[in-house]
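Everything on this sheet refers to the single structure shown next.
First listed ligand is number 1; within each ligand, the first listed atom is number 1. Hydrogens, waters and symmetry mates play no part in the numbers below; they use all other heavy atoms, side chains included. Note that this is a predicted model, so its numbers are computed, not measured.
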Amino acid sequence: MQPRVFYEIFVRSFADSNGDGIGDLKGITSKLDYLAELGIEGLWLTPIFHSPSYHKYDVKDYYRINGSYGTAEDLVVLLEAAHQRGIKVILDLVLNHTSSSHHWFQEAAANPASKYREYYYWLTPKEIQEKGIEERRATDDSGVKFPWHWPRKRSKEKYFGMFWKEMPDLNLNSEALKNELITIAKFWLAKGVDGFRLDAAKHLFPFWEPQSKTLEFWATFKNALKADFPEVYLVGEVWDAPEVVAPYFESLQANFNIDLSYDLKTILKEGKDTIGLISKLKQAHLQYEEVNPNFMDCTLLSNHDQDRIASVLKGDENKLKVAANLLFTLPGLPYLYYGEEWGLKGLKPDEYIREPMPWGDGSQTRWIDRRHNKSFDLKKATADPDSIFQQYKRLIALRKSIPALGRCIGSNLEEVENENTNLLIFKRIHEAGDVLVVQNLSAKPFKVNKLQGFDHLIFETEQASVLANAYHIPAYGLLIVGNQS
Ligand SMILES: [Ca+2]
Ligand SMILES: [Ca+2]
């Protein structure tokens, strides 16, 4: 079954099983009951392959699990235990670049005649200049302006690395490399992995090559995997505006909606919607739909590359609950970032948006000292029925029980005319019954004219209510009403 709620785990920080303070696969297995109880149906693990960095987005060996995270056997145990609980597991697959310590790069750099030379981009300074590609425009996901680097060994040619000198970009013009990457993906799918989150999906071919090459690669990749694993789930990280994301839906059924995460933060901070969020989201859906009617728009409040939502909203519990309300009532396939359900905080630099999950028990990771969640009290954060955590649990259960809310394929979003920017009002359409969602973004209570037929109260917070001719929406309140009982 298609998971309806995903959960992103930054593996190093989540749960430790052997007391070395570093999160690992067995640690995740030990928390599956917790995740199942929360209602999670899919896990995205940040990279687990052998890598020299703490974040592991620079892979040294795609066929080996990083020693501190466990073994391939531990992964198989995790997969089986997750599947028993109805949870799918996807791995983070980084195909844009490798670590500079990967043997492909080591051999390519040491010997221009190596068969691995073509796995990377090599050009002389003169060629780089003639092509006019010495400098790139900084993007939201990489501030690097000068992406050509000298290898350590004396060389006539420089190599290309758009994120970092130690992460050389792979050259997917190489057929041998293309086949190797497909082999790697199949290797892990054969172990029971359900799919992949595709890192830097729009950057595969560099800025001077046509974007169509990247799109073609993903089509080839998907078709090759589907031939052996028809159920494989792929989600692309295309960190850009909807019009740039749209063409990726042709080969990747699911892609993240990073733009929406920024828009949500804006309206939550301001307590009003000056963006026209619903209309903008609907426009994005129409663009996606044109490419693929079965698109999956993967929504989020924050991820391992963004300041945590609780810090963005300065720990305001009312607003954090509204954030959760929106994540679970808007269309799409929601991805929680670990700890969001506890209101964990985090601000960049990156290490501090990826802090240890504060279990406070033997599974506690300790690879860095917590800066933002030092005095976190788990019992206090989860036991109170009014806690953010309990709100997450209620909303996830609700989303799964109401077909109109739980639908995550295609778009069933419909705008409802509304002049009050403090309120977000929209419909989710479904043959089993439509629902109307009214969310108050502000601290002021409001009365809203009733929509004909929508009398059946499905969910309320803060004592919202359905009156004879109006809905009463208290401060930060959410009201969900249906047109069928
Ligand atoms: Ca460990
Ligand atoms: Ca690239």
Side-chain angles (χ1 to χ4, degrees), residues 9-31 45-46 48 50-51 54 56-59 65-71 73-75 77-78 93-100 102 104-105 108 118-123 128 131 133 136-142 144-149 158-174 177-178 181 198-218 221 236-240 244 248 354 356-357 359 361-368:
I9 289 181
F10 192 77
V11 177
R12 193 173 196 81
S13 293
F14 194 63
D16 179 23
S17 72
N18 60 353
D20 66 357
I22 296 172
D24 48 51
L25 297 175
K26 280 184 175 164
I28 297 170
T29 305
S30 76
K31 300 298 182 188
L45 310 187
T46 56
I48 58 173
H50 186 40
S51 156
Y54 84 90
K56 317 241 167 279
Y57 278 93
D58 46 343
V59 178
I65 288 174
N66 201 73
S68 56
Y69 291 176
T71 63
E73 208 186 340
D74 295 339
L75 178 66
V77 171
L78 164 59
L93 193 58
V94 188
L95 303 185
N96 180 67
H97 51 262
T98 64
S99 162
S100 58
H102 195 294
W104 298 341
F105 185 74
E118 66 172 46
Y119 280 26
Y120 300 90
Y121 288 95
W122 301 93
L123 289 174
I128 294 167
K131 281 172 151 301
I133 54 173
R136 68 180 283 277
R137 240 182 321 123
T139 46
D140 279 346
D141 50 6
S142 172
V144 173
K145 282 173 107 177
F146 298 98
W148 292 93
H149 316 283
K158 289 176 136 183
Y159 66 91
F160 179 71
M162 72 153 271
F163 286 104
W164 184 32
K165 187 178 191 293
E166 304 305 334
M167 302 202 302
D169 274 57
L170 286 168
N171 183 346
L172 288 154
N173 289 302
S174 161
L177 172 61
K178 221 181 276 182
L181 297 179
L198 304 166
D199 185 64
K202 76 162 182 169
H203 291 298
L204 290 200
F205 283 86
F207 63 93
W208 66 88
E209 299 223 57
Q211 195 65 9
S212 57
K213 281 193 162 187
T214 297
L215 295 167
E216 276 163 32
F217 171 83
W218 287 126
F221 183 78
E237 181 211 20
V238 180
W239 195 292
D240 215 316
V244 180
Y248 288 85
R354 306 164 177 177
M357 183 79 165
W359 299 103
D361 61 10
S363 68
Q364 183 62 54
T365 65
R366 299 179 310 269
W367 68 276
I368 44 162

Main-chain N/O of [Y] paired with [X] side-chain donor or acceptor, under 3.5 Å:
X: His97; Y: Leu95; answer: no
X: Trp239; Y: Ala201; answer: no
X: Thr365; Y: Pro356; answer: no
X: Tyr121; Y: Gly161; answer: no
X: Gln211; Y: Lys202; answer: yes

ring-ring contact (aromatic ring centres under 6.0 Å, His included) between Phe160 and Trp208, intermediate numbers included:
CA-CA 12 Å; Phe160 179 71; Trp208 66 88; 4.9 Å; yes

When you check the gap from the basic side-chain N to the acidic O, do Lys56 and Asp199 get nearer than 4.0 Å?
no

Taking 3.0 Å as the upper limit, name the protein N, O or S atoms near the Ca ion (ligand 1).
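Listed by chain and number: Asp16 OD1, Asn18 OD1, Asp20 OD1, Ile22 O, Asp24 OD2.
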
Classify the angle between the aromatic ring planes of Trp122 and Phe105 as parallel (below 30°), tilted (30 to 60°) or perpendicular (above 60°).
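Judged by the thresholds at 30° and 60°, the geometry between Trp122 and Phe105 is parallel.
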
Any idea which heavy atoms bring His203 and Asp169 closest together, and the distance?
O-OD2, 4.2 Å

Atoms (protein N, O or S; no water) under 3.0 Å from the Ca ion (ligand 2)
4

